[in-house]
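Read through the structure below, which is laid out as structure tokens, and then see the notes.
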Amino acid sequence: MGTLEGKIALVTGGTGGIGTAICQRLAADGARIVTTYMNQEKAEKWQADQDFESTIIRCDVGSYEDCERLREQIESELGHVDLIVNNAGITRDGSFKKMNADKWSQVIATNLDSVFNVTHQFANGMAERGHGRIVNISSINGQKGQFGQTNYSAAKAGLHGFSMALAQEVARKGVTVNTVSPGYIATEMVMAVPEEIRDKIIAQIPVGRLGKPEEIAALIAFLCSDEGGFITGANLAANGGQHMH
Ligand code: CAA
């Protein structure tokens, strides 16, 4: 029997590269998976491709109203959420001189506002029931900054401030809140970086390769398990040694 048997896990953006691996791993550990989507065609195909049962709900995590509807639907159809992985995220890269207000606000809404919008629906319930796990997926670029990502780096750095503050508020209620900061992982998002630039980035990774989504998922599964109960307010890096601190 998996260690997450009987738990409901909400993974935002579960159809993406890291999101899919997280859903697969938490499902293998016994959790009932709920995820969100923005593109219906992609969502239907994704669900059909998975070998576990899941609930997939349309939700713009940048919208508080959508997240309220998400909570209502999950609670009426399935029950209480025990684990949240705030994974949904986008990039709108551009050097600062080419950055514009749209690129800025889209990234802040999807990558940072979302963490408030989603977590606010469920954290009080977790604290009342005396158990919960919240994992916020940040990035190496929230820790070290990245040329062309003022928007993304700001949002991802902000996530960890949120984790540390909320971790203190709910620690005595059995709820942990942590940040995971992946480095460059072999996903569509990283493959969208022009090859020449990507090759230069890979050359800076001491391990000598991109990370695998499953390597991030395994870390998250541990944080979500009962054994992860003493880790809270932490920012765990998985970046092949590209950034050490
Ligand atoms: N450091 C210093 N200078 C740099 C640089 C760098 N890293 N990258 C580019 N430049 C310089 C260029 O040499 C060029 O200089 P000149 O004008 O003197 O010739 C100048 O900056 C180009 O500036 P532009 O504004 O014209 O930039 P651009 O349009 O050519 O491209 C960019 C900028 C889109 C940001 C491109 O560099 C890029 O895609 N970089 C990669 C960004 C990146 O790593 N994104 C991560 C995506 S994956 C992800 O986000 C997941 C995760 O969490 C890790």
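Both ligands and their constituent atoms are indexed starting at 1 by order of listing.
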Donor on one side chain, acceptor on other, Q146 and K144, under 3.5 Å
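Looking only at side-chain atoms, K144 and Q146 do form a donor-acceptor pair, the distance falling under 3.5 Å.
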
Among side-chain atoms of T232 and T176, is any donor-acceptor pair under 3.5 angstrom?
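No, no side-chain donor-acceptor pair sits under 3.5 Å.
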
Extract all donor-acceptor atom pairs below 3.5 Å that involve side chains of residues 58-65 and protein atoms in other chains or at least two apart in sequence.
{"unit_1": "D60", "atom_1": "OD1", "unit_2": "G62", "atom_2": "N", "d": "2.9"}
{"unit_1": "S63", "atom_1": "OG", "unit_2": "E65", "atom_2": "N", "d": "3.4"}
{"unit_1": "S63", "atom_1": "OG", "unit_2": "D66", "atom_2": "N", "d": "3.0"}
{"unit_1": "Y64", "atom_1": "OH", "unit_2": "H120", "atom_2": "ND1", "d": "2.7"}

Side-chain donor-acceptor pairs of residues 8-26 under 3.5 Å, sequence neighbours excluded:
{"unit_1": "T12", "atom_1": "OG1", "unit_2": "N87", "atom_2": "N", "d": "2.9"}
{"unit_1": "T12", "atom_1": "OG1", "unit_2": "A88", "atom_2": "N", "d": "2.9"}
{"unit_1": "T20", "atom_1": "OG1", "unit_2": "G14", "atom_2": "O", "d": "3.2"}
{"unit_1": "T20", "atom_1": "OG1", "unit_2": "T15", "atom_2": "O", "d": "3.4"}
{"unit_1": "T20", "atom_1": "OG1", "unit_2": "G16", "atom_2": "O", "d": "2.6"}
{"unit_1": "T20", "atom_1": "OG1", "unit_2": "W46", "atom_2": "NE1", "d": "3.0"}
{"unit_1": "Q24", "atom_1": "NE2", "unit_2": "Q50", "atom_2": "OE1", "d": "2.9"}
{"unit_1": "R25", "atom_1": "NE", "unit_2": "D29", "atom_2": "OD1", "d": "3.4"}
{"unit_1": "R25", "atom_1": "NE", "unit_2": "D29", "atom_2": "OD2", "d": "3.2"}

Pick one: which of E75, R69, E72, E68 meets side-chain contact (heavy atoms from CB on, under 4.5 Å) with Q121?
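The single option meeting the side-chain contact (heavy atoms from CB on, under 4.5 Å) with Q121 is E68.
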
Applying salt bridge (charged side-chain N to carboxylate O under 4.0 Å, His left out), name anything that partners K45, two or more places apart in sequence or on another chain.
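By the salt bridge (charged side-chain N to carboxylate O under 4.0 Å, His left out) rule, K45 matches D49.
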
Mind jotting down which protein residues get a heavy-atom contact under 4.0 Å with ligand 1? Chain and number order, please.
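Answer by chain and number: T91, D93, S95, K97, K98, S139, N141, Q146, F147, G148, Q149, Y152, G183, Y184, M189, V190, V193, P194, I197, I201.
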
